Every structure is written in C-alpha cells, then in structure tokens.
There are 2 protein chains.
Amino acid sequence: MLSLRRSTLKYLQVRDYLRTLVLSELRTGDPVPSERMLCERFGVSRMTVRQAVDALVVEGVLERVQGRGTFVAPPKVDLQVRLASFTEEMTRRGMTAGVKVLSAGFAPAEHDIAEALKVAPGENLIHLHRLRLADDEPMAVEHTWLPAGRLPGFLDGAVPASVYVELDARGLIPDWGEDTIDAGEADHEEAKLLHIKPGKPVLRISRRAFTGDSAIEYSRSAFRSDRYTLWVPVARPNPSVVPRRRSVAPDATT
Amino acid sequence: MLSLRRSTLKYLQVRDYLRTLVLSELRTGDPVPSERMLCERFGVSRMTVRQAVDALVVEGVLERVQGRGTFVAPPKVDLQVRLASFTEEMTRRGMTAGVKVLSAGFAPAEHDIAEALKVAPGENLIHLHRLRLADDEPMAVEHTWLPAGRLPGFLDGAVPASVYVELDARGLIPDWGEDTIDAGEADHEEAKLLHIKPGKPVLRISRRAFTGDSAIEYSRSAFRSDRYTLWVPVARPNPSVVPRRRSVAPDATT
DNA sequence: GGTAGGAACTGGTCTAGATGACTTGACCAG
DNA sequence: CTGGTCAAGTCATCTAGACCAGTTCCTACC
C-alpha cells in the first residue's frame, strides 16, 4: 500500500552515486564511469543507467560526448537570475549589509500597490520603510508592502530583522518574482537619506515576489547609482529547448 | 557517411508531432494521446515514446500524471532572461524599432573595451554608434564594439541592418551574456540625441554577449528613463533541479 | 616514417516485452 | 445514497538484449 520507497528506485541510486562522485572526488572535465561499467557495478540495465545520467545531463552536471565518454561539466554561470534578499546580495558582494527601519506599521492598500499585490484596494497591508546600508553607508531607500492578512503577528514584538527570514518561518518563501527597473531622480527625502543631492540619478527597482500564485511582497527601492550596479546574466533559449510558449508578454509597457 | 538525418530519428518524430499538436490543436490541460496509443500510431516501442514525452516534460510543455495521462502544461512565465536584440525587444512591446547609424568604422580597442571583449588592447574592432528609435522617437544611444578579426567583411557594403542578423549569418549567434545596469545622467551629446535635458537620468546598460567561450559583442547603451523600463523575471532555484554545484546535499533523503 | 585499417572502446537509438502504482468508473451490497 | 470491490486504463520503472555512430589507439603494410 504505502510504498515508502525513497531511494529504492534504482536510477536514483545510480544518479545519487554519480552526484556524490562529482561533488567529492571528481573535477571539471574528469570522466565518470562509462554507462556499461555502471550497469555492471549496480547490476542494472543500460536504460536504467541512462535514465540516471540523463537526469544529471539535464541538470548541467554532466556532459556526454559520443565515442569518448561522459564528463563532469564545467560549473556554469547561473543564468537564472536569483531572487535574493538585500542581505544576501550585499554579502555576495563582500559588503556588510545593514538596515535602519524608518517606520513600520499598517496601512490600507493604495490602488497601485493593491494592483501589484493582487489584493483589493484598501486591504490592510504591512508597510515598512527602511534605509539599506552597505558597509555602514546608505545604499538604498526601500518601501515594502506585505498582505497583513497572510502574516498574522508579523509586527508583534520587535520589527523583524529580515522580511525573508520571517517569510521563511511561515513557509512563505517566494519562489518567483519580477523586477522592473528604471532610472529616476532622487527626490528630497531620498536625497537626504542617501546623502546625495536631489535630482541625482537613482536606480529604481520595483519587486513583486510570489509564493505560488499569490503575491507575498511588493517593494520599491531607490539605489544610489554611484554605489550600486545591477548585474544580470542573460541566456539564449536552449536551442534544443524550443519555441517560446504561447508568447506570454509580461511586461511593463512603459 | 554524412548522415544528413533530420527527423529520421523516431523519437524526434514523435516529439515534434506532439509539439505541433500542443501548439496547434490542444489547449492547457488537454490530454495528449496515451503512450501506448503513440506506440501504435508511430509503430515504435514504448521506450521510444517515453523518450519523446520526457523531452517535452523537461521543457515544461507537458505534464505527466500517473494513472491519468499526460497533459498540456500551463504556459509558464519564462524565468530565463532572454538575450534579445533591441528590435526583438521593441517588437515584443508592440513598438516599431528603428535605428539611425551615427557612425560605423574600425577603431583600436581601448583598455576597458578590450578587457570586456577579452582581446588585447589596440586590437582592431568594429565600432558602431547608433541611435535607437521606438515608434520613431529616440529611445537610446548605443555604442557597439565587435572583434573585427572574427567578422571579415562585416562593414563591406552597406552597414548591416542588424548586428544579430549578421552574426547569425556567420553562425556566431551569442548563446549567453551579461548585462550590467545602472543609472546615470545624460551627457550633452546623449541629451541632444535623445531629446532630453542634459543631466536627466538615463538607464545605462552594458552588455557582453558570448558565443561559446569568446566574447563577440560589447555594447553600452543609454536609455531614456521616461520611455524605457526594464522588466526582469526572477526565479528561486528550482528545488527539483539540484543543489548549487559543489555544495549542498541532493535531496530529501527522507 | 607514414598511413590505412581495424579492434575496442565510448555514447545514441531502439525493441519487445515485464511488473508495479495510481486513477477512474462501473458495479454491487448495505 | 454511501461505501467497497474490481477491472481497465494510465504512467513509472526496469530488463536484456540489438545495432549504429563517433573516438582512440595499435598494428600491419607500404
């Protein structure tokens, strides 16, 4: 009945064996055992071994070369843009992230915010206004809105150190999102907070983050353009991976 | 010898049949013919059909449900940022792309350009200076550099209408790249070309595009921030698709 | 020495079955 | 109407071979 097989599946055994091998002993370019060797070692058929290898090839861990063998693939630049928190992002750049909470409380959803979060206008939202610091210098001013209804007790006690940590604790870590990016001029408040002159250019990033189908966070940030450069890896669609699916034109028609 | 097989491979026939079916007749959620049906229809074995279906499942075109069948997957937002040309990008937004070539010629590589293209300083480069138009209004000013040595005859005759078309013709279509994005102030030349005031914010995008290991294009663009907003889909790493290379434990060992 | 050929390896494709697990719907008993 | 059983259909996994197509390397011949 219950079938509590976990790794009793043979191809998973082989796959995980190979993964471990790659992670521990082998280096980029090293060959992994041939498919027929693996058949013998695990006492399985060739098709089963191929299933295991296929999975790792799709993942980009291995590369096959006909007539030569299968090899550990070079670590690729991760072409998927990641949904990182400010703290993660600054850590990645070798800077120390800091934050100063300017205000935290509840607010009814304005029209544009409501639309972004896909909630009814006027719905109760958590609103955070924060100054982001990197190495103790102002980096960005950020407004964040979250649906209060889905986050009971969010503002009880101290203001959460990190929104993402708090979301994680509730199992609401976003799995996808979208950023819209443009350039703007710092207004007086932003300029004061960022220690720049009003009218100087700032990089404005609006982020919507989703957990499954529902928006869980909307934020608007203004980054000092003299300190912050966004880096975006870009991919061509994998040639073996086909036409664009029914177009889906998401965007910001300006 | 030459084996100019195109779709003589059986699983590709089945795969492409299914793909066509999905693109033309079926809609999201519709079932595709069962594996056994496909075996009969194409006169192939089950494994072959599975290979075809597997490919489409990996691509996200189909979804399998054990016991029920295989179905057309809902169209997903494409979380891979695409390396689109300006023309593609504007077309996607429903605007008409135009271009005005301000200058085209050869120039030795300056240090920073050389570094970006990974060539020796002073190496001969093709340099294009162009004004990008959208619906006949100035949208961006762009400088583009390409290694002249890899593109013989590139500037012979008329200036190419599109760099990407020209690269395509030589089999040098970039397969990946990276953008760096920040905000800046329009200088006098940019301001004049873009019909904005000097000092107004512009979105600066530097792009390096690679074909395989070698950089094939480097460009710097300044977009009018009042007309252009960049939209970037963002993903969390797919949980089913593996740990970051050389770190984490694979899966749910429980 | 150089080269043509071939053996022995690699992955790539394919067959014709087998068993198991899951879903659905029909049917029947309460 | 409810709940249980059962059969038929689906995908999931797997086997034990087959032949094809590249790569490598050694050998025998020129």
Side-chain angles (χ1 to χ4, degrees), chain A residues 1-18 21-22 26 29-73 238-241, chain B residues 1-19 21-22 26 29-73 240 251-252:
Chain A
M1 305 289 132
L2 240 213
S3 80
L4 52 113
R5 55 187 162 98
R6 246 309 168 262
S7 277
T8 56
L9 295 191
K10 299 190 178 180
Y11 84 90
L12 289 180
Q13 287 179 33
V14 178
R15 189 196 68 180
D16 292 344
Y17 165 77
L18 288 172
L21 209 60
V22 169
L26 302 180
D30 288 355
V32 299
S34 78
E35 297 181 356
R36 288 173 176 83
M37 290 269 295
L38 292 168
C39 291
E40 263 192 63
R41 184 172 314 181
F42 287 88
V44 299
S45 79
R46 178 104 180 282
M47 289 303 304
T48 304
V49 166
R50 292 206 111 239
Q51 192 175 0
V53 175
D54 277 342
L56 296 175
V57 168
V58 167
E59 285 178 16
V61 174
L62 298 180
E63 282 177 353
R64 293 194 219 254
V65 183
Q66 186 177 118
R68 302 217 310 128
T70 302
F71 305 86
V72 179
N238 188 327
S240 88
V241 178
Chain B
M1 302 291 125
L2 240 215
S3 78
L4 51 113
R5 55 190 162 96
R6 250 302 168 262
S7 278
T8 56
L9 294 191
K10 299 191 179 181
Y11 84 92
L12 289 181
Q13 287 179 32
V14 178
R15 190 195 69 181
D16 293 343
Y17 165 76
L18 288 173
R19 218 206 290 285
L21 209 59
V22 168
L26 302 181
D30 287 354
V32 299
S34 78
E35 297 183 355
R36 281 172 235 278
M37 290 267 296
L38 292 168
C39 292
E40 263 191 62
R41 183 171 315 181
F42 286 88
V44 299
S45 80
R46 181 96 184 288
M47 287 303 303
T48 305
V49 167
R50 292 207 110 241
Q51 192 175 0
V53 176
D54 277 343
L56 295 176
V57 168
V58 167
E59 285 179 18
V61 174
L62 298 180
E63 283 177 353
R64 291 196 219 254
V65 183
Q66 188 177 121
R68 301 217 308 128
T70 303
F71 305 86
V72 179
S240 88
D251 49 345

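Residue numbers start from 1 in every chain, and the chains themselves are labelled A, B, ... in the order their sequence lines are given, proteins ahead of strands. Since we're looking at a predicted model, the values are computed, not measured. Only this structure's heavy atoms are used, side chains among them; waters, hydrogens and symmetry mates stay out.
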>> What is the separation between atom CZ on B:R64 and atom P on C:dA21, rounded to the nearest whole Å?
In response: 18 Å
> In whole Å, what is the span from the CG atom of B:L12 to the C1' atom of C:dT13?
Replying inline: 10 Å
> Partners of B:Y17 by side-chain hydrogen bond (donor to acceptor under 3.5 Å, both in side chains), sequence neighbours excluded?
Replying inline: B:R41
> Quick one: B:L62 CG to D:dC11 P, roughly how many Å, whole number?
Replying inline: 11 Å
>> Measure NZ/B:K10 against P/D:dA18 and give the value in whole Å, please.
In response: 18 Å
> Which atom names give the shortest non-hydrogen contact between B:L26 and B:P31, and what distance separates them?
Replying inline: CD1-O, 4.0 Å
> Which value, rounded to the nearest 0.5 Å, describes the distance between A:D16 atom CG and A:L56 atom CG?
Replying inline: 8.5 Å
> For A:A73 and A:G60, which heavy atoms make the closest approach, and how far apart are they?
Replying inline: CB-O, 3.3 Å
> Looking at residues at least two apart in the chain, or sitting in another chain, which of them share a side-chain hydrogen bond (donor to acceptor under 3.5 Å, both in side chains) with B:E35?
Replying inline: B:R46, B:R50, B:R64
>> With ring pair (Phe, Tyr, Trp, His ring centres under 6.0 Å) as the rule and sequence neighbours excluded, what pairs involving residues 48-73 of chain A come up?
In response: none
> Quick one: A:F71 CZ to D:dG22 C1', roughly how many Å, whole number?
Replying inline: 12 Å
>> Please enumerate all residues that pass side-chain hydrogen bond (donor to acceptor under 3.5 Å, both in side chains) together with A:T70, with sequence neighbours excluded.
In response: none
>> Suppose we screen for side-chain hydrogen bond (donor to acceptor under 3.5 Å, both in side chains). Which residues come up paired with A:S45, at least two apart in sequence or across chains?
In response: A:T48
>> Under 4.0 Å, heavy atom to any atom of DNA chain D: which of residues 45-55 of chain B qualify?
In response: B:R46, B:M47, B:R50
> Quick one: B:F42 CZ to C:dT13 P, roughly how many Å, whole number?
Replying inline: 17 Å
Mind listing the N/O atom pairs, protein and nucleotides 5-10 of chain C, below 3.5 Å?
residue: C:dT10; atom: OP1; partner: A:S34; partner atom: OG; Å: 3.0
residue: C:dT10; atom: O2; partner: A:G67; partner atom: N; Å: 3.2

> Between D:dC11 atom C1' and B:L38 atom CG, what is the distance in whole Å?
Replying inline: 13 Å
>> Distance check needed: D:dC11 P versus A:Y11 OH, whole Å only.
In response: 16 Å
> Do B:L18 and B:L38 have side chains that get closer than 4.5 Å, going by heavy atoms?
Replying inline: yes
